[in-house]
Chemist: 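What follows is a single structure, and I will ask about it in a moment.
All residue numbers refer to positions in the sequence shown, counting from 1.
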Amino acid sequence: MKGVGCVILNYNDTKRVCELAITIGKYKCINRIIVVDNKSEEKQRKIFDNYHLPSNVEIVFNKENVGYNKGVNIGFRKLPPEKFKYILQVNSDVVVQEAAIVAFIAFLETHRDVAVVSCQMIENGKYRQMFYNFPTVKNEILANLGLRKIVKDTPQKRDEGKGYFLVDFVRGSLFCLRNDAGNKVQYFSDEIFLYFGEASLAKKLEGIGYKEALLTDFTYLHNHIYPKSKIAGYKTNYYDFLIYDKMFIKSTKIKLFVLKVSFYIGLFLRVIFRI
């Protein structure tokens, strides 16, 4: 039987990455772990020397920060589908039990039309949103203006079965991927730096007939790392969405103009009022 691989991206979080790799490296269901260091600071890279990582862990050191999506893709591409049937993508701020991973694999084995599966997420002791509808220009405009909470975009559940339901796409902090399907669409979109990678993957998988699912009987912990600069993240989100829109939505010039105006209004509000 083909093995199961795992990808962990590191950017200045080496201690937790090593501890996560050691933990997952002990799981019998995981055969290979690829740690991709996305040009962390030198002092962070040296922390790797303080850990004796399992023999099934390989570290890839990028010469530059290529972004989240391309960085994860580098790990994916180190795990060819002819050797690894499934890939677990897990962020450094996640704690996941082996039972959940086993459940992911079992689900994908019996649901051949599903390419990505995850489970419910707990953050700070509470269940948090783990799945989303596909991005739209309207929702990005509302988010830029700080109105998303007023006009709610409730994530849609579909085709609910025993212990699961289908969604547009799951959050990228933890999921299990059917590798041959991911390989066919070339995984995340390399062109997108940080945001919308999960949505781009789901869109491409949808195009070849695959779905995404969320298991309701399993959970994982998310000790979320928040960005140091909200302004920088806001700008990156905007430019990443423009690439996503060009690839998958192809909005009219008028819609993109309104989006641009909302972006600059939102930038002004964030700089002045720190919203």
Side-chain angles (χ1 to χ4, degrees), residues 65-73 91 93 116 118 120-121 123-124 126-158 165-175 185 187-207 210-212 214 222 224-275:
N65 182 349
V66 297
Y68 179 85
N69 297 317
K70 190 172 183 178
V72 171
N73 278 351
N91 283 2
D93 53 9
V116 172
S118 188
Q120 301 202 78
M121 180 181 75
E123 188 177 293
N124 296 325
K126 297 181 180 180
Y127 285 95
R128 301 293 185 181
Q129 186 172 329
M130 180 52 202
F131 62 99
Y132 302 87
N133 297 331
F134 285 122
T136 65
V137 173
K138 175 184 176 181
N139 284 336
E140 288 303 305
I141 292 172
L142 292 173
N144 291 346
L145 300 177
L147 300 174
R148 181 172 281 177
K149 291 182 179 180
I150 297 175
V151 184
K152 293 184 178 180
D153 177 38
T154 305
Q156 298 299 307
K157 302 177 183 179
R158 304 188 305 278
F165 52 83
L166 300 182
V167 300
D168 279 358
F169 68 98
V170 301
R171 191 166 180 158
S173 47
L174 174 74
F175 63 81
V185 300
Y187 308 109
F188 289 162
S189 296
D190 284 339
E191 303 90 337
I192 304 175
F193 187 81
L194 178 58
Y195 300 100
F196 305 103
E198 310 98 313
S200 73
L201 172 63
K203 270 292 186 184
K204 292 190 286 185
L205 289 170
E206 182 184 60
Y210 284 100
K211 304 171 184 177
E212 298 202 6
L214 189 138
H222 190 218
H224 189 45
I225 302 172
Y226 289 94
K228 294 180 180 179
S229 172
K230 290 185 178 181
I231 299 297
Y234 176 71
K235 291 179 179 178
T236 302
N237 183 90
Y238 172 67
Y239 292 114
D240 280 352
F241 179 78
L242 291 180
I243 299 172
Y244 176 87
D245 181 274
K246 184 177 181 180
M247 295 178 70
F248 302 106
I249 303 176
K250 298 178 172 44
S251 296
T252 63
K253 291 182 179 180
I254 294 176
K255 287 184 177 180
L256 292 177
F257 175 75
V258 176
L259 175 65
K260 185 176 183 179
V261 171
S262 75
F263 165 72
Y264 282 108
I265 293 174
L267 183 61
F268 173 80
L269 293 173
R270 284 161 175 78
V271 171
I272 301 299
F273 299 107
R274 305 292 180 181
I275 66 170

Chemist: Quick one: side chains of residues 240-249, donor-acceptor pairs under 3.5 Å with protein atoms, not counting sequence neighbours, listed by atom name and distance.
Modeler:
{"residue": "D240", "atom": "OD1", "partner": "F193", "partner atom": "N", "Å": "3.2"}
{"residue": "D240", "atom": "OD2", "partner": "L194", "partner atom": "N", "Å": "2.8"}
{"residue": "D240", "atom": "OD2", "partner": "Y195", "partner atom": "N", "Å": "2.8"}
{"residue": "D245", "atom": "OD1", "partner": "S251", "partner atom": "N", "Å": "3.1"}
{"residue": "D245", "atom": "OD2", "partner": "S251", "partner atom": "OG", "Å": "2.5"}

Chemist: In Å, rounded to the nearest 0.5 Å, how long is the span from CG of L214 to CZ of R171?
Modeler: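 If we round to the nearest 0.5 Å, L214:CG and R171:CZ are 12.0 Å apart.
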Chemist: Listed by chain and number, what are the side-chain hydrogen bond (donor to acceptor under 3.5 Å, both in side chains) partners of N73, not counting sequence neighbours?
Modeler: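 Here the qualifying residues are D190.
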Chemist: May I have all residue pairs that pass salt bridge (charged side-chain N to carboxylate O under 4.0 Å, His left out) and include part of residues 254-263, sequence neighbours excluded?
Modeler: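 Passing the test, one end in residues 254-263: no pairs.
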Chemist: Output all residues satisfying side-chain hydrogen bond (donor to acceptor under 3.5 Å, both in side chains) with Y68, sequence neighbours left out; order by chain, then residue number.
Modeler: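 For Y68, the residues satisfying side-chain hydrogen bond (donor to acceptor under 3.5 Å, both in side chains) (neighbours in sequence not counted) are Q89, N91.
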Chemist: Does D93 have any side-chain hydrogen bond (donor to acceptor under 3.5 Å, both in side chains) partners at least two apart in sequence or in another chain, and if so, which?
Modeler: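 So D93 forms a side-chain hydrogen bond (donor to acceptor under 3.5 Å, both in side chains) with H222.
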Chemist: Does T236 have any side-chain hydrogen bond (donor to acceptor under 3.5 Å, both in side chains) partners at least two apart in sequence or in another chain, and if so, which?
Modeler: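 Here no residue qualifies.
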Chemist: Going by side chain to side chain contact (heavy atoms under 4.5 Å, CB included), name the residues that satisfy it together with F268, two or more places apart in sequence or in a different chain.
Modeler: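 I272.
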Chemist: Going by the rule ring pair (Phe, Tyr, Trp, His ring centres under 6.0 Å), which residues pair with Y210 if we only count those two or more places apart in sequence or in a different chain?
Modeler: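 Ring pair (Phe, Tyr, Trp, His ring centres under 6.0 Å) check on Y210 returns nothing, list empty.
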Chemist: Rounded to the nearest 0.5 Å, how far apart are CZ of F263 and CD1 of I141?
Modeler: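 Atom-to-atom, F263:CZ and I141:CD1 are 13.5 Å apart.
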Chemist: Quick check: does any side chain N or O of D168 sit under 3.5 Å from a backbone N or O of Q156, one acting as donor and the other as acceptor?
Modeler: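 Checking the backbone N and O of Q156 against the side chain of D168, no donor-acceptor pair under 3.5 Å is found.
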Chemist: Is there a side-chain contact between N144 and I265, using heavy atoms and a 4.5 Å cut-off?
Modeler: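 N144 does not reach I265 side chain to side chain.
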Chemist: For residues G71 and V66, report the shortest heavy-atom separation together with the two atoms involved.
Modeler: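 In this case the closest contact between G71 and V66 is N-CG2, 3.6 Å.
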Chemist: Can you list the residues that meet the side chain to side chain contact (heavy atoms under 4.5 Å, CB included) rule with N139, with sequence neighbours excluded?
Modeler: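 N139: side chain to side chain contact (heavy atoms under 4.5 Å, CB included) contacts with T136, L142, R148, D153.
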Chemist: Could you give me the CA-CA distance, side-chain angles and deciding distance for T252 and F257, then say whether side-chain contact (heavy atoms from CB on, under 4.5 Å) is met?
Modeler: CA-CA 9 Å; T252 63; F257 175 75; over 6 Å; no
Chemist: Decide yes or no for L174 and M121: does some side-chain heavy atom of the first lie under 4.5 Å from some side-chain heavy atom of the second?
Modeler: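 They are not in side-chain contact.
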Chemist: For the CZ atom of R128 and the OG atom of S173, what is their distance to the nearest 0.5 Å?
Modeler: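 Separation between the atoms: 13.0 Å.
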Chemist: Which pairs count as salt bridge (charged side-chain N to carboxylate O under 4.0 Å, His left out) when at least one residue sits in residues 191-205, sequence neighbours excluded?
Modeler: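 Output for this query lists K203-E206.
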Chemist: Who passes side chain to side chain contact (heavy atoms under 4.5 Å, CB included) against I231, sequence neighbours left out?
Modeler: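 With neighbours one apart ignored, the set is S229, K235, L267, R270, V271.
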Chemist: Go through the structure and list residues passing side chain to side chain contact (heavy atoms under 4.5 Å, CB included) with K157, not counting sequence neighbours.
Modeler: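 K157: side chain to side chain contact (heavy atoms under 4.5 Å, CB included) contacts with F131, E160, F165.
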Chemist: I need the minimum non-hydrogen distance between A202 and F169, along with the two atoms involved.
Modeler: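 Of all heavy-atom pairs spanning A202 and F169, the closest is CB-CB, 3.4 Å.
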Chemist: Less than 4.5 Å apart, side chain to side chain, heavy atoms only: is that true for N69 and Y187?
Modeler: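 Answer no - side chains too far apart.
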Chemist: Test V167 against M130 for side-chain contact (heavy atoms from CB on, under 4.5 Å), laying out the working first.
Modeler: CA-CA 10 Å; V167 300; M130 180 52 202; over 6 Å; no
